[in-house]
Chemist: 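Below are the structure tokens for one structure; questions will follow.
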Amino acid sequence: MSESDDARPDAAHLHVRRGSATPEEIAAVIAVVSESLAQEASTAVADEPAVSAWRISARGVGNDLRRDVPWGRWAG
């Protein structure tokens, strides 16, 4: 692989830990795994998160409390 192939996010990387695989065998493994992942991605369905009316109308939490400013009777 060249440097331009390594920079691509979709570049396939395969590490053979034992034995010696031929380039044809490595290409076959990459083709099978890539096709399997593509098929799984095309059939995968994620449920849309249901957002309640309460969540839509709820106000966000304000700023954090400042711990460096004393407050209340016990501020001393």
Chemist: My understanding is that only residues two or more places apart in sequence, or in another chain, count here; which of them pass side-chain contact (heavy atoms from CB on, under 4.5 Å) with Val16?
Modeler: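 Val16 satisfies side-chain contact (heavy atoms from CB on, under 4.5 Å) with Ala21, Ile26 only.
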Chemist: Ignoring hydrogens and angles, tell me if any N or O in the side chain of Ser42 forms a donor-acceptor pair with the backbone of Gln39 under 3.5 Å.
Modeler: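 Yes, Ser42 side chain to Gln39 backbone: donor-acceptor pair under 3.5 Å.
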Chemist: Just to verify, what does Val51 make a side-chain contact (heavy atoms from CB on, under 4.5 Å) with, not counting sequence neighbours?
Modeler: Arg55, Ile56
Chemist: What pairs with Ser36 under side-chain contact (heavy atoms from CB on, under 4.5 Å), at least two apart in sequence or on another chain?
Modeler: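 Ser36 satisfies side-chain contact (heavy atoms from CB on, under 4.5 Å) with no other residue.
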